[in-house]
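Have a look at the structure below, then the notes.
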Amino acid sequence: MTTMNDMENRIKALREELERHNHAYYVLNAPTISDYEFDQKMRELQDLEAAYPEYDDPNSPTRRVGSDLTKNFTQVAHRYPMLSLGNTYSKEEVREFYERVGRALLGEPFEIVAELKYDGTSISVTYEEGQLRQAVTRGDGTRGDDVTANVRTIRSVPLRLPANAGCPERFEVRGEILLPWTEFDRLNKEREAQEEPLFANPRNAASGTLKLQDPRIVASRKLDAYFYYLLGENLPGETHYENLCAARRWGFKVSEAMKVCQTLQEIYDFIDYWDTERKNLPVATDGIVLKVNSLRQQRNLGYTAKNPRWAIAYKFQAEREVTTLREVSYQVGRTGAITPVANLDPVLLAGTIVKRASLHNADIIESLDLHLGDHVFVEKGGEIIPKIVGVDTDYRETRAVGEKVHFITRCPECGTPLVRPEGEAAHYCPNETGCPPQIKGRIEHFVTRKALNINIGPETVEDLYEAGLIHDVADLYTLKIEDLLRMERWAMKSARNLMKSLEDSKSVPFERVLYGLGIRYVGETVAKRLATVFHDIDQLQAAPYETLVAVDEIGERIALSVIEYFKDERNQTIIGRLKTYGLQMALAETTEGDQSDKLKGLTIVISGTFAHHSRDEYKAMIERNGGKNTGSISKKTDYLLAGENMGPAKLEKATTLGIKIINEEEFLNMISE
């Protein structure tokens, strides 16, 4: 018998689980369940809270919108709350919404505008006197992050509206920031080459990009934006459709896939058409949005605590197929990371033949309880990355399947026992110097265009390695033309081209050399940041843990990886050889800028966000002028360089200790005097 205590425990468990999923989705950009599963759990919680009001909690997930707030941006209150839409997954639920609107309007005729639901990250952009003034993320629906600098880099967002366009003096336009499929593919290929976790879908990639601290990197990712709602006084039309048409005339990217529907059947036809046709679009969509067209009727219908009553989202079901799991193989990356891959009977899914699907790690394999010969359900995450989402256990009960899949314990290439670092999901082969895929992988990474840009590919690396001519990246600079000519498929011209390429690589800037070394977790962006702060390889090698983690976006994992890399005598030997061969192991003097001793003997702590320079740039300025930057305040601190939205704990501690607090203008004056 179910007791009241059982109901209370279930409600608490659902709240805790939904909060975890909210955090994974909005903060970490790494959802662990599908939208459908999340909505089902949310619906269960809503029903239980309605049935048992004695367990009411004002902080329940049903009372708020999930948050994507970070500590790195100024937070701004929305003039108009940004609420989420209720989700439906069937035409029956669409019909219920349609009839509910009709009843609430007391039989008054109404129109529904059907639009595509773009799968990105929501944004609200304010324009004043025809110019973009501010762009704010949805956040918790009441407050969001000011990402104006990043949004300004998106070419489909107008910075200035046409003169005499007839737009209101001040208004907000809401839309979706998106990463096109082509850019999503390019980014994931780069991340795969660096053995970084792949973005699960374009939505997560767009959200993560919008929260980067460097607008230059945001601009390089070619985000897009579609707009779908106007707010403000003196809007041009009395209907939603009229206003979007006006916004399109003003220069906003408003989808042409928008239809005013007079009947329920017209809505169904729109859904059926786009359920198939959306796969031909350049950006991701995950459903249809239905809105009452009349703004007066929208106001009359009003809102619940969480959703507008005049709009709803119909979510498309992800395409899923069943196939047979034949084998699980294991790949070894250049950092030693082991990736399990499911080998499947070929199946047509979302227009392509799928034969393989990543299983990611041991935890995923265990949670799926996979057996060889299982019938498995395969979906394309974000419509592009094949993944196994479940097992047909009914089939297993009626058929004899093979043995249970267990994650391997030894490296499939060299036989070394695998290790799993605490707090990580991946297993690694620790045999860095004796495991062939790791050795070749590091060399392949070193020669890539974004690293040393040496004119050879993976096949050539394989040939040179098998011939015994190279065993690490430094060996590349010992190659001789006569060595190459003794190998198959090498002629004098190609040998000379490689020699020239190797010579040219000695002029590659330090930050690219650092990236090319292949230090685990040090990708292109992190390498640039480390080079900017530490200037040369010797300073970086000598940097203690506390100094490393004080650098923006350099967390514990990266800091420890850098320290471990330089502790290894074999890596020290390779770096020493690369220095001898003439590679750039320090920033060029023109990059370092002028040196001075204006801050000699001073210790400065930086906190908050700044208008003129990034935190890392200020840290570099402190060091170039003879000062010392630390991450925490103590009695030895001379100044606190305070920006906007700084941590209250640091401010309180600085005040208590009597430490002088300066703003960025005062700091810039100090070093320019």
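Computed from a predicted structure; not experimentally measured. Keep in mind that the numbers below use all heavy atoms, side chains included, and drop hydrogens, waters and symmetry copies.
Side-chain atoms of E664 do not come within 3.5 Å of backbone N or O of G643 as any donor-acceptor pair. Using modelled atom types, no side-chain atom of K528 and backbone atom of E511 make a donor-acceptor pair closer than 3.5 Å. S505 contributes no side-chain N or O that, together with a main-chain N or O of L452, makes up a donor-acceptor pair within less than 3.5 Å. Side-chain atoms of T339 do not come within 3.5 Å of backbone N or O of H360 as any donor-acceptor pair. Not one N or O on the side chain of T637 forms a donor-acceptor pair closer than 3.5 Å with the backbone of I633. In this structure, the side chain of S501 engages the main chain of N455 through a donor-acceptor pair within 3.5 Å. A distance-only check finds no donor-acceptor pair linking the side chain of Q75 to the backbone of R143 [under 3.5 Å]. For the pair R512 (side chain) and R449 (backbone), a donor-acceptor distance under 3.5 Å is present. Of the possible polar contacts, one joining the E666 side chain to the N663 backbone as a donor-acceptor pair under 3.5 Å is found. Under the 3.5 Å distance criterion, the side-chain polar atoms of T209 are matched with a main-chain donor or acceptor of A205.
A 4.5 Å side-chain heavy-atom check between T74 and D145 finds every atom pair outside the cut-off. Side-chain contact between E564 and I519 is absent, with no heavy atoms from C-beta onward closer than 4.5 Å. Residues T448 and N453 fail the side-chain proximity criterion, which asks for heavy atoms closer than 4.5 Å. Counting heavy atoms from C-beta on, the side chains of Y565 and I575 come closer than 4.5 Å. In this structure, K628 and I622 have side chains that are not in contact, with every pair of non-hydrogen atoms separated by 4.5 Å or more. At least one side-chain heavy atom of I454 sits under 4.5 Å from a side-chain heavy atom of L498. Between L212 and R221, the closest side-chain pair of non-hydrogen atoms falls below 4.5 Å. The shortest distance between side-chain heavy atoms of L540 and L548 falls below 4.5 Å.
Residues C429 and C414 share a closest heavy-atom pair of SG-SG, 3.6 Å. Scanning both residues, L179 and A206, for their nearest heavy atoms gives N-CB, 3.9 Å. When all heavy atoms are compared, the tightest approach of G336 to V332 is CA-CG1, 4.3 Å. The shortest non-hydrogen separation linking Y581 to A474 is CE1-O, 3.5 Å. The minimum heavy-atom distance between G415 and R410, with the atom names listed, is O-NH1, 2.8 Å. For the residue pair R557 and E424, the shortest heavy atom distance occurs at CD-OE2, 4.1 Å.
Note that the CG atom of L640 and the NZ atom of K660 stand 12.5 Å from one another [nearest 0.5 Å]. In this structure, CD1 on I606 lies 7.5 Å from CD1 on I604, to the nearest 0.5 angstrom. The distance from atom OG of S607 to atom CG of L651, rounded to the nearest 0.5 Å, is 8.5 Å. Of the inter-residue distances, the one linking T153 atom OG1 with I217 atom CD1 reads 11.0 Å to the nearest 0.5 angstrom. One distance of note links CD1 of I364 with CD1 of I388; it measures 10.5 Å at 0.5 Å rounding. For the atom pair CD1 (I439) and CD1 (I470), the distance works out to 10.0 Å, reported to the nearest 0.5 Å.
Aromatic rings from H535 and F510 are positioned such that their centres are separated by 6.0 Å or more. Between Y330 and F407, the ring center distance clears the sub-6.0 Å criterion.
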Please determine whether side chain to side chain contact (heavy atoms under 4.5 Å, CB included) holds for the pair L599 and M670, giving the CA-CA distance in whole Å, both sets of side-chain angles, and the decisive distance to 0.1 Å. CA-CA 8 Å; L599 303 178; M670 286 172 64; 3.8 Å; yes
Evaluate the salt bridge (charged side-chain N to carboxylate O under 4.0 Å, His left out) criterion for residues D536 and K579: first the C-alpha distance (whole Å), next the side-chain angles of each, then the deciding distance (0.1 Å), finally the verdict. CA-CA 12 Å; D536 62 48; K579 285 182 180 179; over 6 Å; no
Does the side chain to side chain contact (heavy atoms under 4.5 Å, CB included) test come out yes or no for Y515 and V522, once each step is laid out? CA-CA 7 Å; Y515 168 62; V522 177; 5.8 Å; no
How far apart are the C-alpha atoms of M621 and Y618, what are their side-chain angles, what is the distance that settles it, and do they pass the side chain to side chain contact (heavy atoms under 4.5 Å, CB included) test? CA-CA 5 Å; M621 291 179 198; Y618 278 123; 3.8 Å; yes
Chi angles and distances behind the side chain to side chain contact (heavy atoms under 4.5 Å, CB included) call for Y521, T335: CA-CA 9 Å; Y521 311 129; T335 64; over 6 Å; no
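Atom CD of E366 sits in a sparse spot, with 12 or fewer heavy atoms from other residues, nucleotides or ligands closer than 6.0 Å. Atom CD of E556 has 12 or fewer heavy atoms from other residues, nucleotides or ligands within 6.0 Å. More than 12 heavy atoms of other residues, nucleotides or ligands sit less than 6.0 Å from atom NZ of K440.
With sequence neighbours excluded, the residues satisfying side-chain hydrogen bond (donor to acceptor under 3.5 Å, both in side chains) with E183 are R186.
A salt bridge links R577 and D475; the closest N-O separation between the charged side-chain nitrogens and carboxylate oxygens is under 4.0 Å.
With no hydrogens or angles considered, a side-chain donor-acceptor pair links Q134 and D146 at under 3.5 Å. Side chain to side chain, T603 and Y639 fail the donor-acceptor criterion of an N or O pair below 3.5 Å.
Of the listed residues (V147, I154, V136, N150), just one forms a side chain to side chain contact (heavy atoms under 4.5 Å, CB included) with I123, and that residue is V147.
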